[in-house]
S.K.: 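Structure provided below as structure tokens; questions to follow.
Note that the structure is a prediction, hence the values are computed from the model and not measured.
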Amino acid sequence: MTRHPGPRAPRRTASPVLLFLAALLALLPALSVLTAPGARAADGDPAVSLSKKEAGKGGEITVSGSGWRAEALLMLLICGQSTPERGVVGGTNSCANADGRAVTTDKKGAFSKKLPVTEPPKPCPCVVHVATVTGEQALADAVFTVAGHPTADLPEQTGPGKLAVLASTRLEGDSSLLTWFGAPPARRLVFTVGNLGSAPVKDPVFEIGTAHGVYAPQWEERQWRGTVAPGAKAQIKLPVELSAGAHGDYQVSLRYGEKVLAEQPWGVGRPWGVTLFWVLLCLVVPAAVFRIGMAVVDKVRPRPAGSHRTRTPATRRKPKQRGRTGTGAGRDATTAPGATTEATTNAATTTDATTDATTAVLPWFTPDSAPSENRPRPTTKGQA
């Protein structure tokens, strides 16, 4: 009995819907990483994501980010007393600054960096705070819990926009002599603020920015200790300091929160002491080198034969003539003023007198026997 092959059953194919669901399930782990607790603002704003929601002291997490400026230097910090909505209350004083990390974004504005888990100086709620170090400021916060760290409620709301500058700002202070030689110029920014809100503002944190030319301002946090009650005003003085050797036209800006409250120009003179120092250095050093070179050449150059340095012969001293000492005198007669001259004169006179006496009287001649020119010469034998 032979079987005739019947029609084959059609092969089942996977439904497109099932394929889509399978692909979605495969992508869930990746989506969970991308949707980890972090601060992601609107499209185009910097974003931060964490590998873990919670970790204890001594652990390590991976911080990733995107949407940042290309090749920008960022600082990663774990901060207490902070939320993404209110930011870091108290500024970087609430962060573990000693255990922060720095990272540079790539050409697409992304980064990934491992960050050690440490306890911040303020209680939680905590965040991982990421902010630019140079250039245009940008920041983002991601919620993070430090296991075992104490937790406390956030202080009263002192949001930005509650303080306003009521009077014009000014810079106080003078430059010292050291500034003339390149020391950092320093001033105090003085301004008066008023609290326009309904809640008191306690220990507000301002930001001072200094800009030179077309460059973006460099912001530094300055905290003022005090409380501004609702409807009250207060005068605030904050220090401002530039880098060493700075000169030219600068723009000092004051910012509270996200709002710039005031701007103040600052003209810094050139440190002419540094210029004078370099001018003197360029004059003194070549002159000293020239003098040393000439001295060396004078020492090592050969001298012609027979040349020598002549020295002035020392004046011979005349022997002292001692006078006769009397019976009761114990010193020479020449010790008195003028004694040497008188003794010399007397000796010369005595010598002349002795010479005359010797010439006038000779012991072997008598006046009669002395030869005379008038006497006739004796004749010899044989002459008439």
S.K.: Report yes if some heavy atom in the side chain of Thr227 is under 4.5 Å from a heavy atom in the side chain of Val201; otherwise report no.
M.R.: no
S.K.: Would you mind reporting whether Val228 and Pro200 have side-chain heavy atoms less than 4.5 Å apart?
M.R.: no
S.K.: Considering non-hydrogen atoms only, spot the tightest contact between Pro125 and Ala152 and give its length.
M.R.: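 Closest pair (atom of Pro125, atom of Ala152, distance): CD-O, 3.3 Å.
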S.K.: When hydrophobic residues are tied together by side-chain contacts of less than 4.5 Å, even through go-betweens, does Val63 share a cluster with Leu139?
M.R.: no
S.K.: Membership question, hydrophobic clusters at under 4.5 Å side-chain separation (ILVMFWY): are Ile292 and Val284 in the same one?
M.R.: no
S.K.: May I ask you to test the Thr210-Pro217 pair for a side-chain heavy-atom distance under 4.5 Å?
M.R.: no
S.K.: Any idea how Trp68 and Phe111 line up, ring-wise: parallel (<30°), tilted (30 to 60°), or perpendicular (>60°)?
M.R.: perpendicular
S.K.: Let me check something: do Val88 and Ile78 share a hydrophobic cluster, defined by ILVMFWY side-chain heavy atoms less than 4.5 Å apart, either directly or through other members?
M.R.: no
S.K.: How about Ile61 and Val128: do any of their side-chain heavy atoms sit closer than 4.5 Å?
M.R.: yes
S.K.: Does Leu163 belong to the same Ile/Leu/Val/Met/Phe/Trp/Tyr cluster as Trp219, with side-chain heavy atoms less than 4.5 Å apart forming each link?
M.R.: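 No; tracing contacts between hydrophobic side chains, which count when under 4.5 Å, never links both residues.
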S.K.: For residues 186-193, please give each side-chain donor-acceptor pair under 3.5 Å, one per line with the distance, not counting sequence neighbours.
M.R.:
{"from": "Arg187", "atom 1": "NE", "to": "Gly173", "atom 2": "O", "distance (Å)": "3.2"}
{"from": "Arg187", "atom 1": "NH1", "to": "Ser175", "atom 2": "OG", "distance (Å)": "3.4"}
{"from": "Arg187", "atom 1": "NH2", "to": "Ser175", "atom 2": "OG", "distance (Å)": "3.1"}

S.K.: side-chain contact (heavy atoms from CB on, under 4.5 Å) between Val117 and Phe144: does it pass, once the steps are laid out?
M.R.: CA-CA 10 Å; Val117 178; Phe144 181 71; 4.0 Å; yes
S.K.: Return the NZ to CE distance between Lys113 and Met75, rounded to the nearest 0.5 Å.
M.R.: 10.5 Å
S.K.: Are the gamma sulfurs of Cys95 and Cys79 separated by less than 2.5 Å?
M.R.: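 Correct, these two cysteines form a disulfide.
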S.K.: From Glu119 CD over to Asp99 CG, what is the distance, rounded to the nearest 0.5 angstrom?
M.R.: 11.0 Å
S.K.: Evaluate the side-chain contact (heavy atoms from CB on, under 4.5 Å) criterion for residues Leu73 and Thr132: first the C-alpha distance (whole Å), next the side-chain angles of each, then the deciding distance (0.1 Å), finally the verdict.
M.R.: CA-CA 6 Å; Leu73 180 61; Thr132 55; over 6 Å; no
S.K.: Are Glu207 and Ser253 close enough that some pair of their side-chain heavy atoms sits under 4.5 Å apart?
M.R.: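 No, too far: nothing below the 4.5 Å cut-off.
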S.K.: Salt-bridge test for Arg222 and Glu220: reply yes if a basic N is under 4.0 Å from a carboxylate O, no otherwise.
M.R.: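 Yes.
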S.K.: Of the non-hydrogen atoms in Thr62 and Ser112, which two are nearest, and what is the gap between them?
M.R.: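 Reported closest heavy-atom pair: CG2-OG, 3.5 Å.
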S.K.: Under a 4.5 Å cut-off applied to non-hydrogen side-chain atoms, are Cys126 and Pro120 in contact?
M.R.: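 Cys126 reaches Pro120 side chain to side chain.
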S.K.: Side chains of Gln223 and Asn93: do they bring a donor and an acceptor to under 3.5 Å?
M.R.: yes
S.K.: Compare every heavy atom of Ala138 with every heavy atom of Pro46, then report the nearest pair and how far apart it is.
M.R.: CG-CB, 4.1 Å
S.K.: Please report the interatomic distance NZ(Lys122) to CG(Leu154), rounded to the nearest 0.5 Å.
M.R.: 12.0 Å
S.K.: Is it the case that over 12 heavy atoms from other parts of the model lie below 6.0 angstrom from the CG atom of Asp249?
M.R.: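 Atom CG in Asp249 is not crowded, with 12 or fewer foreign heavy atoms closer than 6.0 Å.
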S.K.: For a 4.5 angstrom cut-off between non-hydrogen side-chain atoms, does Val48 reach Asp141?
M.R.: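 SC-SC contact between Val48 and Asp141 ruled out.
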S.K.: Calculate, to the nearest 0.5 Å, the distance between atoms CG and CZ belonging to Leu74 and Arg69 respectively.
M.R.: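 Separation between the atoms: 8.0 Å.
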S.K.: Classify the side-chain pair Gln264/Thr169 by whether it contains a donor and acceptor separated by less than 3.5 Å.
M.R.: yes
S.K.: How long is the gap from CD1 on Ile208 to CG on Leu254, to the nearest 0.5 Å?
M.R.: 5.0 Å
S.K.: Quick check for you: to the nearest 0.5 Å, what is the distance between Trp266 atom CH2 and Gln251 atom CD?
M.R.: 12.5 Å
S.K.: Report yes if the side chains of Val268 and Tyr250 come closer than 4.5 Å at any heavy-atom pair, otherwise no.
M.R.: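 Yes - at least one pair of side-chain heavy atoms lies under 4.5 Å apart.
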S.K.: Are Glu172 and Arg170 close enough, and set up right, to give a salt bridge (Lys or Arg N to Asp or Glu O under 4.0 Å), and what steps lead you there?
M.R.: CA-CA 7 Å; Glu172 288 185 352; Arg170 68 180 185 275; 3.1 Å; yes
S.K.: Restricting to non-hydrogen atoms, name the atom on Ala110 and the atom on Asp106 that form the minimum distance, rounded to 0.1 Å.
M.R.: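 Shortest heavy-atom separation between Ala110 and Asp106 comes out as N-OD1, 2.7 Å.
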